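Working notes, beginning with the structure itself.
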Protein chains: 2
Amino acid sequence: MPASPAAPGSTALGEPRSEAGRRRAGRPVGGVLDKAGITAAALELIEKKGYVGLTMAALARSLNVAPSALYNHMESKRDVLLLVEDHLAALVDVSAFGSEPWEEAVRKWAWSYRDVFSRHTPLIPVIAVLPVTDAPQTLAMYETVSVGFRDAGIPEERIVSSIVALESFIFGSAYDVTAPADIFDSGSMAEATPSFTGAVRSLAAQGHERPADVAFSLGLEALIAGLGALRE
Amino acid sequence: MPASPAAPGSTALGEPRSEAGRRRAGRPVGGVLDKAGITAAALELIEKKGYVGLTMAALARSLNVAPSALYNHMESKRDVLLLVEDHLAALVDVSAFGSEPWEEAVRKWAWSYRDVFSRHTPLIPVIAVLPVTDAPQTLAMYETVSVGFRDAGIPEERIVSSIVALESFIFGSAYDVTAPADIFDSGSMAEATPSFTGAVRSLAAQGHERPADVAFSLGLEALIAGLGALRE
DNA sequence: CCACTAAATGAATGCCATTCATTTATGAGA
DNA sequence: TCTCATAAATGAATGGCATTCATTTAGTGG
């Protein structure tokens with residue numbers, strides 16, 4: 001017989017019932033507070049402590065709950081990451097599709113997409129392999145983008161490949177944003193790599209504030225031009 | 001007084017001395033067996049058990065050594081990953097630079113780069129933020145590519161940004177290769193996302209063996225064309 | 001009022017990277 | 001040949017982690 005449990009009123013989860021349970025018992029709807037609450041707590045934790053601080057124990061603590069309680073609502077930590085990912089997908093700006101020329105819409109989408117995930121790079125390995133079924137907001141983003149591509153005249157068989165190509169570039173570029181400024185400092189090997197060292201110096205001499213932005217712009221414009229050329 | 005140690009002859013490390021120690025004592029050179037041995041063992045472990053199986057304990061075991069012994073040679077597990085990364089960089093095919101037209105050289109380099117790292121995606125977050133000083137083989141690759149870009153007439157200030165743009169695309173694409181085949185199956189949300197679902201079906205109808213290759217080719221050719229257009 | 005069940009609990013479990021005081025073994029110099 | 005310095009190996013911690021499980025709590029429909 002374990003020790004007496006915490007006061008029941010002290011728990012904060014608003015809608016602590018599984019889908020199945022809710023359906024069977026016909027509860028007062030909701031369904032939001034549960035996943036929404038976990039997502040909000042996870043996001044706050046990530047903001048304050050970063051992804052290193054996002055542990056099941058810390059998450060439970062910030063929800064005033066025992067770690068094991070989380071497993072009544074999620075199968076694993078991966079599910080928490082999925083929740084966060086899907087929330088972020090809704091922050092990506094797809095508004096220009098339908099209201100602006102395709103090139104401009106892609107540009108805004110891509111910059112926004114990269115900016116959102118550059119602050120959440122630990123999610124990238126998760127997203128990249130994530131079946132879209134598990135992430136409704138992400139799927140909604142794909143739908144909007146897809147309509148935009150179709151309306152712009154991209155042949156239907158190429159739409160998915162084009163999106164994937166852009167997304168791959170975006171994910172890779174999100175990492176760049178977080179790279180240290182001196183990442184290309186060749187140090188003691190400088191004499192052995194004159195061409196590369198010269199190129200690094202030459203870029204540095206331009207004095208760009210965010211070198212990652214230059215590379216991103218360069219690649220993005222090339223992709224937009226190249227993919228746009230395939231329109232009918 | 002701890003128990004008696006293992007028989008000394010049973011350890012396998014060939015050159016167990018730090019740089020400093022070797023320098024000071026003027027040992028018979030070598031220096032290879034240490035890092036090379038660890039790298040080889042790590043690679044074998046990764047091949048057999050994947051990155052989940054690459055633990056310090058497992059690595060030590062495959063070297064017939066106690067886990068703590070590894071810390072006489074490496075600061076942390078990250079150093080092991082670095083060693084592996086740098087070894088892989090040497091496998092990337094840069095041979096076409098200097099012997100073939102720029103476009104073709106970039107193509108071969110990019111495909112080879114993607115293929116190598118698609119089997120080592122857990123390293124991508126490490127590489128993306130890795131100061132090149134710590135990875136001589138990686139730096140050597142950059143040098144070769146850089147010379148190729150310069151000889152092709154890419155303006156010096158743009159060389160690094162062009163390489164970064166390509167690399168970002170390559171890293172992102174490496175993840176794609178590992179994605180499950182049904183990643184874009186919209187499942188029960190299909191009716192809600194007609195355009196995307198149609199695009200997915202349309203791509204599937206083409207019957208490509210490896211859809212990731214289609215997207216990679218599409219993006220890569222766009223990048224080559226776009227970056228190539230900036231040559232002087 | 002009872003039976004059912006979702007949800008919460010805390011105490012494991014097992015894995016992990018990393019640290020540390022201690023011991024072993026080897027080469028250099030006397 | 002002996003001695004000393006030191007690199008390297010050892011095993012026993014440490015602390016953190018995700019996850020599991022038997023048990024208890026509390027709310028709902030009958």
Side-chain angles (χ1 to χ4, degrees), chain A residues 1-31 33-35 37-38 42 45 49 51-61 63-81 122, chain B residues 1-31 33-35 37-38 42 45 49 51-61 63-81 122:
Chain A
M1 43 178 111
S4 67
S10 73
T11 64
L13 233 42
E15 176 40 336
R17 260 190 155 86
S18 78
E19 302 263 355
R22 227 178 296 120
R23 224 180 294 117
R24 212 173 316 167
R27 297 294 300 304
V29 209
L33 217 45
D34 199 357
K35 290 191 174 179
I38 293 179
L45 208 47
K49 315 266 185 174
Y51 278 85
V52 203
L54 180 63
T55 68
M56 295 301 269
L59 185 57
R61 225 170 73 82
L63 286 163
N64 295 315
V65 143
S68 52
L70 291 171
Y71 290 87
N72 287 322
H73 305 276
M74 330 239 49
E75 291 244 318
S76 69
K77 182 176 179 180
R78 186 167 193 276
D79 290 1
V80 176
L81 296 179
Chain B
M1 49 180 107
S4 65
S10 71
T11 65
L13 233 40
E15 175 42 334
R17 259 187 157 88
S18 78
E19 302 261 355
R22 226 178 296 121
R23 223 179 298 117
R24 212 172 317 167
R27 299 291 303 302
V29 209
L33 216 44
D34 199 357
K35 290 191 175 179
I38 293 180
L45 207 48
K49 315 265 185 174
Y51 278 85
V52 203
L54 180 63
T55 67
M56 294 302 269
L59 185 58
R61 226 172 72 81
L63 287 163
N64 295 316
V65 144
S68 52
L70 292 171
Y71 290 87
N72 288 321
H73 305 276
M74 330 239 50
E75 291 244 317
S76 69
K77 183 177 179 179
R78 186 167 192 275
D79 289 2
V80 177
L81 296 179

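Each chain gets a letter, A, B and so on, in the order its sequence line appears, and its residues count up from 1. Note that the structure is a prediction, hence the values are computed from the model and not measured.
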For nucleotides 17-20 of chain D, which of its nitrogen or oxygen atoms have a protein nitrogen or oxygen under 3.5 Å away, and what is each distance?
from   : atom 1 : to      : atom 2 : distance (Å)
D:dA18 : OP1    : A:Met56 : N      : 3.2
D:dA18 : OP1    : A:Lys77 : NZ     : 3.2
D:dA18 : OP2    : A:Met56 : N      : 3.1
D:dT19 : OP2    : A:Tyr71 : OH     : 2.7
D:dT19 : OP2    : A:Lys77 : N      : 2.8
D:dT19 : O5'    : A:Tyr71 : OH     : 3.4

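- A 4.5 Å side-chain heavy-atom check between B:Leu63 and B:Leu70 finds at least one atom pair inside the cut-off.
- For the atom pair B:His73 NE2 and B:Ile38 CD1, the distance stands at 6.0 Å (nearest 0.5 Å).
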When the side chains of residues 54-61 of chain B are checked against the rest of the protein, which donor-acceptor pairs come out under 3.5 Å, sequence neighbours left out?
from    : atom 1 : to      : atom 2 : distance (Å)
B:Thr55 : OG1    : B:Ala58 : N      : 2.9

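- Residue A:Leu63 contributes atom CG, which lies 11 Å from atom P of C:dT9 at whole-angstrom precision.
- Results of the side chain to side chain contact (heavy atoms under 4.5 Å, CB included) test with B:Val80 over B:Glu75, B:Lys35, B:Met74 single out B:Met74 as the only residue that passes.
- A donor-acceptor contact under 3.5 Å links the side chain of A:Asn72 to the base of C:dA8.
- Atom NZ in B:Lys49 sits about 11 Å away from atom P in C:dC16, given to the nearest Å.
- Here A:His73 reaches the OP1 or OP2 of C:dA8: one of its side-chain N or O atoms lies under 4.0 Å away.
- The side-chain contact (heavy atoms from CB on, under 4.5 Å) test applied to A:Ser76 returns A:Arg78, A:Asp79, not counting sequence neighbours.
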